[in-house]
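Notes follow the structure.
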Amino acid sequence: MPPDTLSTTSHPRFDAIVEHWRADGTPGLDPAPAGLVVICEHASNALPEGYPQLGGDLGLSDAARLSHAAYDIGAAGLARGLAARLAPETGGALLVTAPLSRLAYDLNRAPDHPGAMPPRSEIHDIPGNRDLTPADRLARTEAICLPFHASLAAEIARLVALGRRPALIAVHSFTPVYHGETRRVEFGVIHDEDPTLSLAVIEAAQGRGLETRLNEPYSAAGDVTHTIRLHAVPLRLPNTMLEIRNDLIADAPAQKAIAERLAPILTQALRAANALR
């Protein structure tokens with residue numbers, strides 16, 4: 001009697017985008033392992049167009065696709081600027097970014113989290129996320145979530161195997177007005193289980209001209225530290241999550257300016273937390 005077989009569907013893979021900086025701050029890969037991993041899970045507002053099994057264009061309006069609901073505005077440019085500026089202090093850095101919009105799959109959420117594939121985000125309806133079946137959710141998890149986290153885990157494992165204990169810094173941005181409420185905070189620092197590096201960032205940011213707060217506008221209690229929890233906590237790696245108000249990083253010159261302001265703060269914090277190992 002032939003063995004039972006499972007019917008499987010082939011899906012595209014949307015792997016993470018990985019960029020490297022040498023210890024001198026130039027793009028490229030050094031022979032020595034890097035000491036910093038910068039992560040930007042909400043880097044892109046691209047959609048899996050051409051793949052209806054993954055939601056296609058999700059039926060999004062132009063306004064929704066360009067909004068903070070679709071991606072963290074300015075976060076990718078800021079993350080890239082920080083990786084380049086911190087690489088000389090950390091013996092090299094790498095940046096891991098998402099290739100697709102968080103509305104197709106939010107990579108900072110577990111597959112069973114309601115926000116992983118939300119039918120509504122802030123004021124925007126997401127028609128392509130309505131009434132998803134378990135098979136629909138599985139297809140997106142296999143095509144988007146699993147490849148990203150496998151790529152990130154592999155990069156970290158290589159560094160650890162080579163004797164480094166890299167610090168992980170997740171970079172996000174947030175909207176100045178959320179459901180009609182104005183946010184005064186400009187720079188939020190979020191921690192999960194280990195607050196050491198986050199507290200060092202808060203200390204280093206004092207007097208630097210940014211309205212800086214711990215665990216605002218989000219905190220781990222709202223399940224926003226999934227990536228850190230998945231990749232840093234089990235290996236006991238130094239980690240923090242940064243939230244920058246997106247009106248401060250809305251274009252390339254602004255992203256560069258904030259990266260230049262934050263890099264010395266993060267350098268001081270990494271040293272204070274003994275995270276440059």
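Hydrogens, waters and symmetry mates play no part in the numbers below; they use all other heavy atoms, side chains included.
Between Arg261 and Arg208 the shortest side-chain heavy-atom distance does not fall below 4.5 Å. Counting heavy atoms from C-beta outward, Pro127 and Arg130 have side chains that approach closer than 4.5 Å. Contact check for Ser67 versus His124: side-chain heavy atoms found under the 4.5 Å cut-off. With a 4.5 Å cut-off on side-chain heavy atoms, Asp72 and Asn246 do not count as touching. At a threshold of 4.5 Å between non-hydrogen side-chain atoms, the residues Leu262 and Leu210 count as touching.
Remark: the backbone N or O of Leu235 is paired with a side-chain donor or acceptor of Arg165 at under 3.5 angstrom. In this structure a side-chain-to-backbone donor-acceptor pair under 3.5 Å is present from His149 to Leu107. Checked by atom type and distance alone, the side chain of Glu155 never pairs as donor or acceptor with a backbone atom of Ser151 at under 3.5 Å. In this structure a side-chain-to-backbone donor-acceptor pair under 3.5 Å is missing from Arg183 to Glu216. A donor-acceptor contact shorter than 3.5 Å is absent between the side chain of Thr196 and the backbone of Asp194. A side-chain donor-acceptor contact under 3.5 Å links Asn108 to the backbone of His226. Remark: side-chain polar atoms of Asn239 are not paired, donor with acceptor, to backbone N or O of Ile228 under 3.5 angstrom. With Ser198 contributing its side chain and Val189 its backbone, the two residues share no donor-acceptor pair below 3.5 Å.
In the hydrophobic clustering of this structure, Leu242 does not group with Leu237; members are Ile, Leu, Val, Met, Phe, Trp, Tyr whose side-chain heavy atoms approach within less than 4.5 Å, directly or through other members. Linking Ile, Leu, Val, Met, Phe, Trp and Tyr residues whenever their side-chain heavy atoms come within less than 4.5 Å places Ile258 and Phe187 in a single cluster. Cluster membership check: Ile73 does not share its hydrophobic cluster with Ile244, using side-chain heavy-atom separations under 4.5 Å among Ile, Leu, Val, Met, Phe, Trp and Tyr. In the hydrophobic cluster analysis, where Ile, Leu, Val, Met, Phe, Trp and Tyr join through side-chain heavy atoms closer than 4.5 angstrom, Ile39 is grouped apart from Ile190. Hydrophobic cluster membership is shared by Leu36 and Ile265, with clusters built from Ile, Leu, Val, Met, Phe, Trp and Tyr side chains linked at under 4.5 angstrom.
When hydrophobic side chains of Ile, Leu, Val, Met, Phe, Trp and Tyr are connected at separations under 4.5 Å, Leu162 ends up as a singleton with no cluster partners.
Of all non-hydrogen atoms in Ile249 and Ser173, the two that sit nearest each other are CD1-CB, 3.9 Å. Pairing each heavy atom of Leu82 with each of Ala259, the nearest pair is CD2-O, 3.7 Å. The heavy-atom pair separating Tyr105 from Ala110 by the smallest distance is OH-C, 3.4 Å. Residues Leu95 and Ala83 share a closest heavy-atom pair of CB-CB, 4.5 Å. For Val160 against Pro166, the heavy-atom pair with the smallest separation is CG2-CD, 4.1 Å. Ala104 and Ile144 get closest at one heavy-atom pair: CB-CD1, 4.0 Å.
Under the side-chain hydrogen bond (donor to acceptor under 3.5 Å, both in side chains) criterion, Thr90 pairs with no residue at all, not counting sequence neighbours. Taking the salt bridge (charged side-chain N to carboxylate O under 4.0 Å, His left out) definition, one finds that Asp15 meets it with Arg13, sequence neighbours left out. For Phe14, the ring-ring contact (aromatic ring centres under 6.0 Å, His included) criterion is met by Tyr51, not counting sequence neighbours. For Arg120, the side-chain hydrogen bond (donor to acceptor under 3.5 Å, both in side chains) partners are Asp125, not counting sequence neighbours. Remark: Arg140 engages no residue in a salt bridge (charged side-chain N to carboxylate O under 4.0 Å, His left out) (not counting sequence neighbours). Every residue two or more places apart in sequence or in another chain that forms a side-chain hydrogen bond (donor to acceptor under 3.5 Å, both in side chains) with Asp247 is listed here: Arg245. Scanning for side-chain hydrogen bond (donor to acceptor under 3.5 Å, both in side chains) contacts around Asp192 gives Thr225, Arg229, with sequence neighbours left out. Under the side chain to side chain contact (heavy atoms under 4.5 Å, CB included) criterion, Arg109 pairs with Asp106, His113, Ala116, Val224, not counting sequence neighbours. Listed by chain and residue number, Arg22, Thr26 satisfy the side chain to side chain contact (heavy atoms under 4.5 Å, CB included) test with Asp24 (two or more places apart in sequence, or in another chain). Applying the salt bridge (charged side-chain N to carboxylate O under 4.0 Å, His left out) test to Glu193 and every residue at least two apart in sequence or in another chain returns nothing.
Heavy atoms of other residues, nucleotides or ligands lying less than 6.0 angstrom from CD of Glu203 number 12 at most.
Atom CG of Asn45 is separated from atom CZ of Arg102 by 10.5 Å, given to the nearest 0.5 angstrom. Rounding to the nearest 0.5 Å gives a distance of 9.5 Å between CG of Asn129 and OG of Ser121. Atom-to-atom distance recorded for Leu60:CG and Leu103:CG is 6.0 Å, nearest 0.5 angstrom. With rounding to the nearest 0.5 Å, the separation of CG in Asn215 from CE in Met241 is 10.0 Å. With rounding to the nearest 0.5 angstrom, the CG atom of Leu54 is 8.5 Å from the CG atom of Leu100. Distance check: Ile202 CD1 to His191 NE2 gives 9.5 Å after rounding to the nearest 0.5 Å.
Ring-plane geometry between Phe174 and Tyr218 is classed as perpendicular, the angle between the planes exceeding 60 degrees on a 0 to 90 degree scale with a lower cut at 30.
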Practice task
Please step through side chain to side chain contact (heavy atoms under 4.5 Å, CB included) for the pair Leu152 and Leu230, ending with a clear verdict.
Solution key: CA-CA 10 Å; Leu152 177 55; Leu230 194 62; over 6 Å; no
Exercise for the section: Go through the steps for Arg85 and Glu260 under the test salt bridge (Lys or Arg N to Asp or Glu O under 4.0 Å), then give the verdict. Expected result: CA-CA 8 Å; Arg85 287 166 175 79; Glu260 290 176 348; 3.5 Å; yes
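Screening residues 54-65 for side chain to side chain donor-acceptor pair (under 3.5 Å) gives Glu49-Arg65 as the qualifying pairs, with residues at least two apart or on separate chains.
One finds a salt bridge joining Glu89 and Arg271 here, because a Lys/Arg side-chain nitrogen approaches an Asp/Glu carboxylate oxygen to under 4.0 Å.
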